[in-house]
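The structure appears below as structure tokens.
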Amino acid sequence: MATGKIIDGKEIAGQLRRQLQEEVQSLITEHGVTPGLAVVLVGNNPASHMYVKMKKQACADVGITSFAHELPEETTEEALLSLIHTLNGHPAVHGILVQMPLPAHIRSQRILEAISPDKDADGFHPRNVGLLAVGAPLFRPCTPWGCMELLRIIGVKPAGQSAVVLGRSNIVGKPVALMLLAENATVTLCHSQTRNLPEIIHTADILISAVGQAELVRGDWLKPGVVVIDVGMNRRASDGKLCGDVAFQEALPKVAAITPVPGGVGPMTITMLLKNTVFSASRCVA
Ligand code: NDP
């Protein structure tokens, strides 16, 4: 395996971002196209403000132009739709991201469906979801794609392996299961109604956890030699520290490799957003 037992998502994301920086430079110098990402934020959610700030900084680091649209909490659904239509037609905007969650009076699904599927940097538009499901992805959702990139880069080949996914959300669990299936893994998708979770987890050669419960998965549930990608971002009740869904210290002696939380999947998510934006810009010059 190319990296150590603890998968350094920050380092791997850094390598990918350096490659993206070069791609951006060649788009600019050879084609006169600077990739552009519109980032739309509605309301005052502090976590959303922090994510948007990180995304803008990441864009700047690789040479992508970001167009920030920060709108007040009381923005109407119609006003937001109107902005999205403008961005859909804007030639300098190659990717559009609407930061979730939106205020309760705005229907998120309606907004996601209004984004042009050709500028869908988050990969949430139903057309892109469908393309992923039929095995012909265009824009891939960022967190699941980041998980798959981690596996690829550390040299794990899913084909023929037993992959267990915990969580079936539209943003992580379901798409990562489809991606593993596309790579010929034998996939088991678990959720809150799954019985015998420890036994199922014990069958996994690859475990991807996206539940959101601190240290749900115990070390003795794991098969020796498993590769663990822990998407969960939780606060541990005992000390308030960030932790994953998998009890990291218990898991460490059992696993072939594992992502830490923080510093595992997190840095990959924004990197894949940048990758989708650069991909979108490159489609304009192809
Ligand atoms: P959701 O809350 O949308 O989904 C959680 C899933 O876990 C659901 O499918 C739920 O099942 C399932 N679940 C709940 N309890 C159990 C259980 N005991 N056993 C098995 N499955 C269970 O969460 P998200 O997918 O949005 O996020 C999951 C985690 O990943 C969160 O901690 C989130 O913060 C983190 N995250 C991290 C990102 C990153 O970049 N690092 C990006 C996105 C998310 P059911 O469907 O039956 O309710």
Side-chain angles (χ1 to χ4, degrees), residues 6-14 16-17 39 45-48 50-55 57-58 97-102 108-109 112 121-124 129 132 139-151 163-180 187-204 207-218 221-222 228-237 240-248 258-276:
I6 299 178
I7 303 167
D8 189 342
K10 218 169 154 188
E11 169 62 27
I12 293 173
L16 292 174
R17 287 187 198 190
V39 183
N45 183 322
S48 295
M50 189 189 72
Y51 290 135
V52 162
K53 198 173 152 202
M54 286 163 65
K55 287 167 186 176
Q57 184 59 52
L97 168 133
V98 178
Q99 185 64 44
M100 297 291 158
L102 287 167
S108 305
Q109 193 58 29
L112 294 179
D122 256 340
F124 293 155
V129 175
L132 178 66
F139 290 94
R140 297 164 169 87
C142 301
T143 301
W145 192 18
C147 296
M148 297 304 290
E149 280 291 280
L150 285 176
L151 291 177
V164 173
V165 177
L166 309 183
R168 58 175 163 181
S169 73
N170 288 333
I171 64 165
V172 194
K174 241 184 262 175
V176 89
L178 287 170
M179 289 176 186
L180 286 161
V187 182
T188 308
L189 183 52
C190 302
H191 45 77
S192 66
Q193 307 287 311
T194 299
R195 293 196 197 113
N196 305 328
L197 199 63
E199 286 85 343
I200 295 171
I201 289 172
H202 202 73
T203 65
L207 175 69
I208 300 195
S209 187
V211 171
Q213 284 183 28
E215 300 178 337
L216 168 79
V217 179
R218 310 313 308 186
W221 298 6
L222 301 170
V228 177
I229 306 291
D230 192 348
V231 184
M233 292 264 278
N234 315 297
R235 294 260 167 215
R236 199 187 291 126
K241 290 208 168 136
L242 265 185
C243 70
D245 293 342
V246 180
F248 186 80
I258 185 168
T259 55
V261 178
V265 176
M268 294 298 285
T269 297
I270 295 184
T271 306
M272 305 326 279
L273 173 73
L274 303 177
K275 217 165 151 65
N276 269 337

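Bear in mind that the values here come from a model prediction, so they are computed numbers and not experimental data. When a ligand or atom number is given, it counts from 1 through the structure's own listing order.
Asn276 places a side-chain N or O within 3.5 Å of a backbone atom of Arg140 that can act as its donor or acceptor partner. Without hydrogens or angle criteria, His202 side chain to Trp221 main chain gives a donor-acceptor distance under 3.5 Å. Here the side chain of Arg168 pairs no donor or acceptor atom with the backbone of Lys174 at under 3.5 angstrom.
When the ring pair (Phe, Tyr, Trp, His ring centres under 6.0 Å) test is applied to Phe139, the partners found at least two apart in sequence or on another chain are Phe279. Partners of Asn45 according to the side-chain hydrogen bond (donor to acceptor under 3.5 Å, both in side chains) rule, which considers only residues two or more places apart in sequence or in another chain, do not exist here. Applying the side chain to side chain contact (heavy atoms under 4.5 Å, CB included) rule to Thr271 yields the partners Ala13, Leu16, Arg17, Leu20; only residues at least two apart in sequence or on another chain are considered.
Near ligand 1, heavy-atom contacts under 4.0 Å come from Thr143, Gly167, Arg168, Ser169, Ile171, Val172, His191, Ser192, Leu197, Ala210, Val211, Gly212, Gln213, Val231, Gly232, Met233, Asn234, Gly266, Thr269.
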